[in-house]
Every structure is written in C-alpha cells, then in structure tokens.
**Q** 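To start, I am sharing the structure in question, which I have written as structure tokens.
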Protein chains: 2
Amino acid sequence: MSEPDRISSKNLTMQDIAKAAGVSPMTVSNCFRYPDRVRPKTRETVMNVAAQLGYVPNMSAGLLAAGSSQVIGAVLPSIRNSAFYRYVAGLRQAATERGHELITMIAETPEEELSAVQTLLGLRVAGIALVAGPHVADLRQLLALSGTPVVESWGGEDAIGCGVAYDVGAASRELTQHLIKQGRRRIGFVQVLGGGEQRYTMRFPGFQKVMFDAGLADNLVLTVRAADGFGSGARILNEFLSLEPRLDAILCPTDVVAAGALFECQRRGLDIPGDIAIAGWGDYDIGRQLSPTLTTITPFSFDIGAGAVKMLLEGGAERPNSLLTPYALEVREST
Amino acid sequence: MSEPDRISSKNLTMQDIAKAAGVSPMTVSNCFRYPDRVRPKTRETVMNVAAQLGYVPNMSAGLLAAGSSQVIGAVLPSIRNSAFYRYVAGLRQAATERGHELITMIAETPEEELSAVQTLLGLRVAGIALVAGPHVADLRQLLALSGTPVVESWGGEDAIGCGVAYDVGAASRELTQHLIKQGRRRIGFVQVLGGGEQRYTMRFPGFQKVMFDAGLADNLVLTVRAADGFGSGARILNEFLSLEPRLDAILCPTDVVAAGALFECQRRGLDIPGDIAIAGWGDYDIGRQLSPTLTTITPFSFDIGAGAVKMLLEGGAERPNSLLTPYALEVREST
DNA sequence: GACTAGAATTGTAGCGCTACAATTATTTGT
DNA sequence: ACAAATAATTGTAGCGCTACAATTCTAGTC
C-alpha cells in the first residue's frame with residue numbers, strides 16, 4: 001500500500017494464489033490457461049481461492065510471456081448515429097465465438113485514427129478492424145511493418161490489409177436506376193465530408209454513370225458533414241430547391257439525412273414521393289417508422305463485421321484477402 | 001518467422017532500435033517515455049529510426065515494468081441509438097486531456113458486463129467507467145478487491161465506486177409536473193426492461209410521487225425492452241389507448257420511443273399535443289427535427305463523461321466520491 | 001511389491017520494458 | 001586549466017506470466 005500508483009492495490013499474483021491454494025504458480029497458470037491439464041479437484045481449489053481473493057490474471061504479463069493476444073481492436077469513426085451498431089454486433093459475435101474479446105476505440109479524424117491504431121499496436125492486439133478512410137499517409141506502412149492482421153471494411157479495392165465490403169457502386173447504380181425508372185429526372189445527390197468519408201464518396205461514380213447513360217444531368221450535388229445529423233437533411237433540401245425548383249428526387253448518404261429532408265418537405269407542405277422522392281442509405285431503424293417509409297440501401301452490416309473478424313483470425317496465404325458481402329435495395333413509400 | 005503466432009512478425013524491440021540508432025535500449029525507452037531526459041539530437045535520431053522501422057513500443061511490457069497504465073476502459077450497454085455518444089465524447093476528451101486513451105467495450109447483459117470488466121482488469125486499465133446496472137452479484141466485490149478505480153454513471157446512490165449522475169428523480173418529477181400543469185390527467189408512463197434498465201427504472205418513483213400528490217392515477221404503465229427502437233413507441237401507444245382511450249399524455253424513456261409513438265399518432269390521425277402530449281427523454285438529435293418538436297429531458301451527457309474520467313484519475317480520499325451533473329427540461333411543441 | 005505408462009505438477013529462463021541508481025559527458029564558473 | 005555542477009546516457013534487476021522441459025504422482029499390470 002506504499003505505492004498508490006501500482007496497478008492494483010492488492011497486487012495479487014499467481015504466486016499469492018499458489019500459496020493460498022497449496023500448489024505451485026505454474027499450476028495456477030495452467031488452471032487459467034490450460035484447465036484440461038489440471039486435475040478437477042485441484043482446479044476447483046485454485047479457482048475458488050482466486051475468486052475469493054478477486055484475482056484476475058494480468059493479461060499484459062500473459063501476453064508478454066505467451067506472445068499472443070485474445071483481444072481484437074476495432075476503430076470506429078462515430079457512434080453518433082446508429083450506423084455501426086450491427087457491424088459491431090457482428091464483430092463481437094465473431095470474436096466471442098473464437099474466444100476473443102473486442103475492444104473499440106472512437107476516432108473521428110484520420111489523425112485520431114492513427115493514434116488509436118498506435119494504442120492498439122502497443123496493446124499487441126490479435127487483429128485490427130478499420131473502417132474505410134481517408135487515412136493519414138503513414139498508416140498503411142505502419143500497419144504493414146507491424147505485421148498485425150488488419151482488415152478494412154466499408155471501403156473499396158485499396159483496403160489496408162484485407163477488405164470486406166459490399167458492392168457500393170452496384171448499389172448506387174441500382175438506387176439511381178430505381179429513381180429514374182420511377183420517372184425522376186432532376187435528382188439531387190448528397191455528398192459527405194469528414195468522418196471517414198471514403199465510404200460515401202465511393203457512391204458518386206455509380207450515380208454519375210447511370211445519370212449519364214440516361215442522358216440526365218449529374219450536377220445537382222451538395223455536401224453535408226459526416227458529423228451532421230437530421231438538420232443537414234433539412235438544409236440541403238432547401239438548398240437543392242433554390243438550385244432547382246423542379247427537383248424531383250434526392251439521394252441521401254444516410255437515412256438520418258434523408259429523414260431530415262423528409263421532415264423539411266413536410267414542413268414545406270411538399271408531398272413525398274408525389275413532389276419529391278427521397279432515398280436514404282443504411283437501413284437505419286428510423287427509416288421504417290417514417291411516414292412515408294423510407295427507401296434505402298441495406299448493407300449487410302452484421303455480416304461485414306463477422307466477416308472482418310473471420311478474415312483477421314482465419315486469414316492465411318491460401319485464403320482470399322477480400323470478402324464481398326451482399327446489399328439490398330429496400331424500396332418503400334418514399335420513392 | 002518460424003513463429004507465426006508471435007505478436008509481430010517483425011518482433012522489433014527497443015534493443016533493435018537502439019542498435020540501429022547507436023544508443024542504448026534505455027535511451028530508446030527514455031525517448032518514448034521521458035523525452036525531456038534526452039538530448040534533442042539523440043531523440044530525433046532515435047525517433048526517426050523507430051518511425052522508419054515501424055516500431056511501436058510494447059504497451060504490455062511497459063505496463064508490466066512500470067506498474068501503471070494510460071488506458072481507461074469504458075463499458076457501454078449499447079450503441080444502437082445515440083444515447084451515449086456525448087457521454088463517450090466527454091470520456092474521450094477528458095481522458096485525452098490527461099494523457100490517457102479510452103477503449104470501450106459493449107456489454108448488453110450483466111453477464112457480458114462482467115466479462116468485459118474482467119478483460120479490462122486483465123489489461124490493468126487505469127480506471128473503469130461503468131453505466132448503471134443491474135450488475136451481476138459478484139461485480140461489486142470483484143471491483144472492490146481489484147483496487148482499480150471505478151466510476152459508475154447514470155445511476156443512483158448505490159454506485160459501484162464513485163458515482164456521476166444527474167438528479168433523475170427531480171427530472172422525472174419536473175417533467176410529470178409539467179404535463180399536469182398543461183392539463184394532462186391520464187398520463188402513461190413507459191418503463192424499460194433489459195440493457196441496463198436501472199437508469200430508467202429510477203424515474204418511476206418521481207412520476208408516482210407527483211401523480212399521487214396531484215390525486216391522479218399512476219397505474220398506466222407499460223414496458224418496452226431497452227433494445228427496442230422506434231417500433232416500440234408505436235406499439236405502446238396502441239396498447240395505452242386500448243387501456244385508456246382518453247389517454248392524454250405519454251412519458252417515454254427515450255426520444256426514440258417517443259418519436260415512434262409520435263409517428264403512430266400521426267398515422268392514427270391523432271393531434272399532438274392537442275389529443276395526446278408526448279414527452280421523451282435524452283435530447284436525441286431526432287427530437288428537434290420532429291414536427292411537432294419533442295419535449296424532452298436533457299442530461300448533460302458530455303459532462304457526465306468528463307466528470308467520470310476526472311473522478312477516476314483525480315480521485316483521492318479528500319475528494320468527493322460522487323458528482324451531480326445538471327439536467328434541463330426542454331419544453332417543445334409536443335407537450 | 002516392482003515396474004511401466006500416463007497424468008499431474010513443478011522448475012527454468014525469458015518475454016520487452018522501466019524505476020532507480022550508477023556512470024559518463026558536457027557545461028559553467030573561477 | 002581545473003573543479004564542480006548539471007545534463008545525458010547507460011546498467012541492473014525485476015514486473016507477472018508462460019513455453020517448454022523436467023520431475024513427481026497415480027493407476028494398472030504382473
């Protein structure tokens with residue numbers, strides 16, 4: 001108790017548990033790490049003593065000695081809206097199934113992402129799950145040099161380490177084609193800035209291609225920041241209408257932005273989809289509750305998360321280093 | 001490379017950096033840990049070599065040797081809705097200001113929470129931030145025995161370790177009084193089950209007291225699960241109306257549930273607040289975008305997070321072990 | 001009881017870093 | 001030039017656990 005800075009005021013080690021249980025420290029270690037190597041009676045004695053004294057093995061020491069970790073680290077750009085909860089649920093389940101724990105860190109800027117990755121590398125996690133960029137210039141090299149398995153999801157073909165993604169381009173094209181098939185001709189496209197915007201900007205080329213092929217203009221483009229919520233939907237609706245009063249559709253980056261635009265239409269007395277069709281992306285919960293219900297793109301987020309962990313922990317030279325997950329176009333009342 | 005299970009395929013240590021930079025391993029260590037002890041020229045040489053080789057110090061070894069950690073662990077019940085993003089932002093900022101990193105783990109059940117806490121104890125984090133219970137029976141004792149600083153936020157007077165919270169009872173009473181002052185007499189109260197429901201159930205006594213004092217019935221109570229989203233708001237609205245067709249207000253546990261109830265009112269052609277007043281809780285983004293805008297209770301979530309880290313890292317016998325943060329009643333159009 | 005094989009337990013050295021102390025190098029003042 | 005003080009660098013032992021090997025214990029057979 002003379003060292004208040006120590007990790008645990010009790011500073012229990014396996015030595016202490018061993019003494020109290022009448023066995024060697026190695027037996028204590030084997031009880032925790034290789035329980036099958038220990039006679040049930042002995043193991044029960046040891047574990048009871050440990051529980052009684054509140055002993056939890058020091059993972060750092062174990063990691064250092066064993067040279068391997070059972071912890072997966074994930075970096076997320078935001079938990080503000082519900083974009084990643086299914087992805088994280090997939091990460092968690094896949095990690096748990098494989099005897100690993102998932103820790104997450106929030107990183108809203110590329111610089112914060114680098115810092116988070118450095119922490120995870122320092123912790124010598126078993127693998128790192130990233131979300132699409134942009135990343136700071138040094139990140140790719142740092143991770144390559146580290147040798148830690150890395151998977152980048154939600155991005156495109158230049159993933160750091162392995163890649164897990166759905167075909168964003170196909171989804172974008174399909175959604176745009178849907179709007180055109182509904183008779184929409186003046187379609188606004190909402191871009192995103194900040195907060196790992198790569199996963200959004202990848203959608204624009206698909207929009208452009210379909211608009212070009214249909215002989216329609218693709219220059220009705222406005223930008224919201226990734227960190228913005230519902231209010232940005234209202235704002236861009238108003239801006240689109242001042243740019244093009246006959247606007248007849250908006251393709252939004254998330255269901256949150258779409259909901260905000262939808263609310264603003266209602267405030268302005270515009271009929272959806274009679275006057276303006278609104279499409280979202282991401283199949284957030286709110287989309288199903290709006291009136292009219294929101295058309296959206298559904299990435300299989302849980303599968304992305306589960307696939308990412310699978311690639312981290314089961315990767316090898318003979319395994320593919322990218323995984324394509326499905327998506328679905330959910331056509332509802334708003335288009 | 002004969003050991004693919006090693007943490008890093010490169011297995012760089014300070015010894016390697018020292019050789020390449022022409023200094024001792026201790027100097028490399030001092031460059032990272034006590035940069036002021038090293039001559040700038042030497043430090044520059046060492047850090048350049050380290051960056052070039054992609055060396056990140058092994059935090060486990062450092063933690064073991066130093067006996068202290070710069071990592072704070074937080075356990076969250078959910079990231080599904082945006083309940084905790086400001087809280088986490090507060091945690092992050094306060095940790096960063098104090099030279100610490102924040103890692104988070106998701107734990108949806110008390111058993112998962114225990115597992116998460118064990119991981120964090122194994123990592124010998126500098127402190128653990130919990131969210132209100134219910135907790136498994138052994139958690140309190142485990143944490144007390146561990147000696148790791150703990151703070152529990154969003155709960156009440158029986159916090160594990162230190163406590164950070166706002167006066168939930170006062171908020172509940174004030175919101176109920178507001179509804180009564182608006183002429184509401186048949187008020188439905190929505191309870192929550194699962195997902196750390198303690199922070200919700202704490203609100204009911206305040207509701208009961210104010211209703212009792214006003215001579216009104218407090219038995220219009222329905223329950224949603226914490227994991228439910230907007231749809232549960234629609235469901236409980238319908239159930240309340242079948243219980244009490246003259247229902248004139250609902251007090252919801254979150255703005256998400258309230259938004260769901262609001263959407264259902266609109267679908268049923270009920271006027272808000274003319275026919276039914278709807279109050280939420282939590283000041284989620286969506287509340288401000290609805291028409292009508294949603295009355296809600298605003299906890300100062302960021303302050304709770306920041307205060308929690310402050311108590312973890314700056315606690316001591318002479319410091320208080322609980323912190324009360326403010327809240328605000330945001331009266332908007334829905335009541 | 002003696003022997004053998006397998007199960008269970010224990011011993012050893014080292015994982016990568018660092019607190020603290022010791023040594024060396026540099027700077028300052030006379 | 002020399003001495004003293006300060007700055008910078010380096011050495012040592014150990015943090016708590018474990019891979020691998022060695023030793024001890026137990027059960028079965030003759």
Side-chain angles (χ1 to χ4, degrees), chain A residues 2-19 21-47 50 53 55-71 121-124 146-147, chain B residues 2-19 21-47 50 53 55-71 121-124 146-147:
Chain A
S2 57
E3 298 182 303
D5 293 334
R6 300 296 291 184
I7 292 288
S8 162
S9 61
K10 282 288 182 80
N11 286 318
L12 288 176
T13 70
M14 284 179 182
Q15 194 97 352
D16 304 310
I17 307 302
K19 280 203 185 94
V23 297
S24 79
M26 266 319 303
T27 299
V28 175
S29 179
N30 280 323
C31 286
F32 279 97
R33 203 153 177 97
Y34 302 105
D36 289 348
R37 294 184 187 173
V38 182
R39 191 193 302 246
K41 188 164 191 274
T42 309
R43 187 167 69 234
E44 185 183 339
T45 302
V46 169
M47 301 310 273
L53 297 179
Y55 172 72
V56 175
N58 185 328
M59 201 182 291
S60 297
L63 190 162
L64 189 57
S68 64
S69 166
Q70 309 295 133
V71 175
L121 289 178
L123 285 170
R124 300 295 197 264
S146 78
Chain B
S2 57
E3 298 179 308
D5 292 336
R6 300 295 290 183
I7 291 289
S8 162
S9 62
K10 282 286 182 78
N11 287 317
L12 288 176
T13 69
M14 283 180 183
Q15 193 98 352
D16 305 310
I17 306 303
K19 279 201 187 98
V23 297
S24 79
M26 266 318 305
T27 299
V28 175
S29 179
N30 280 323
C31 286
F32 279 97
R33 202 153 179 98
Y34 303 105
D36 289 347
R37 294 185 189 174
V38 182
R39 189 192 302 247
K41 189 165 190 274
T42 309
R43 189 166 67 233
E44 187 182 339
T45 300
V46 170
M47 300 311 273
L53 298 180
Y55 173 73
V56 176
N58 185 329
M59 201 182 288
S60 297
L63 189 163
L64 189 58
S68 65
S69 167
Q70 310 295 132
V71 176
L121 290 178
L123 286 169
R124 300 299 197 260
S146 77

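Just so you know, these numbers use all the heavy atoms, side chains as well, and skip hydrogens, waters and symmetry mates. The model shown is predicted, which means the values in this text are computed figures rather than measured ones. The sequence lines fix the lettering, A, B, ..., with proteins before strands; numbering per chain opens at 1.
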**Q** In whole angstrom, what separates A:Ile17's CD1 from D:dG16's P?
**A** 12 Å
**Q** Given C:dA19, is OP1 or OP2 found less than 4.0 Å from the side-chain N or O atoms of B:Tyr34?
**A** yes
**Q** Please state whether the phosphate of D:dT10, meaning OP1 or OP2, lies under 4.0 angstrom from any side-chain nitrogen or oxygen of B:Ser24.
**A** yes
**Q** Check every strand shown and say whether A:Met14 touches a base, only sugar-phosphate, or nothing at a heavy-atom separation below 4.0 Å.
**A** sugar-phosphate
**Q** In whole Å, what is the span from the CZ atom of A:Arg33 to the P atom of C:dA8?
**A** 20 Å
**Q** Among D:dG11, D:dA19, C:dT10, which nucleotide sits nearest the side chain of A:Val23?
**A** C:dT10
**Q** Hey, what do you get for CG (B:Asp16) to CG (B:Leu53), rounding to the nearest 0.5 Å?
**A** 8.0 Å
**Q** Can you tell which of C:dA19, C:dT10, C:dA8 lies closest to the side chain of A:Arg39?
**A** C:dA8
**Q** Please determine, for the side chain of B:Leu64, which listed nucleotide (D:dT18, D:dG16, C:dT10) has the closest atom?
**A** D:dG16
**Q** By nearest atom, which of the nucleotides D:dG14, D:dG16, D:dT10 is closest to the B:Ala65 side chain?
**A** D:dG14
**Q** Calculate the interatomic distance between A:Asn30 atom CG and C:dT9 atom P; express it in whole Å.
**A** 9 Å
**Q** Just the rounded figure in Å: distance from P of C:dA21 to CZ of B:Arg37.
**A** 12 Å
**Q** Could you report the tightest heavy-atom contact between B:Leu64 and A:Ala61, atom names first, then the distance?
**A** CD1-CB, 3.8 Å
**Q** Can you measure A:Arg124 atom CZ to C:dC15 atom P for me and round it to whole angstrom units?
**A** 14 Å
**Q** Rounded to whole angstroms, how far apart are CG on A:Asp36 and P on C:dT9?
**A** 12 Å
**Q** The side chain of B:Ser29 is closest to which nucleotide in this list: C:dT18, D:dT9, D:dT18?
**A** C:dT18
**Q** Which part of the nucleic acid does A:Pro25 contact within heavy-atom distance under 4.0 Å: base, sugar-phosphate only, or nothing?
**A** nothing
**Q** Atom CZ in A:Arg124, atom OG in A:Ser60: separation rounded to 0.5 Å?
**A** 11.5 Å
**Q** Kindly compute the distance separating CG (B:Leu63) from CE (A:Met59), expressed to the nearest 0.5 Å.
**A** 11.0 Å
**Q** Would you kindly compare B:Thr27 and A:Ala61 by the position of their nearest DNA chain D nucleotide and give the one closer to the 5′ end?
**A** B:Thr27
**Q** Do any side-chain nitrogens or oxygens of B:Thr42 fall under 4.0 Å of OP1 or OP2 in D:dT9?
**A** yes
**Q** Without decimals, in angstroms, what is the distance between B:Leu63 CG and D:dG16 C1'?
**A** 11 Å
**Q** Can you tell me how far the CG atom of B:Asn30 sits from the CE atom of B:Met14, to the nearest 0.5 Å?
**A** 9.0 Å
**Q** If I take atom CG in residue A:Asn58 and atom P in nucleotide C:dG16, what distance separates them, rounded to the nearest angstrom?
**A** 16 Å
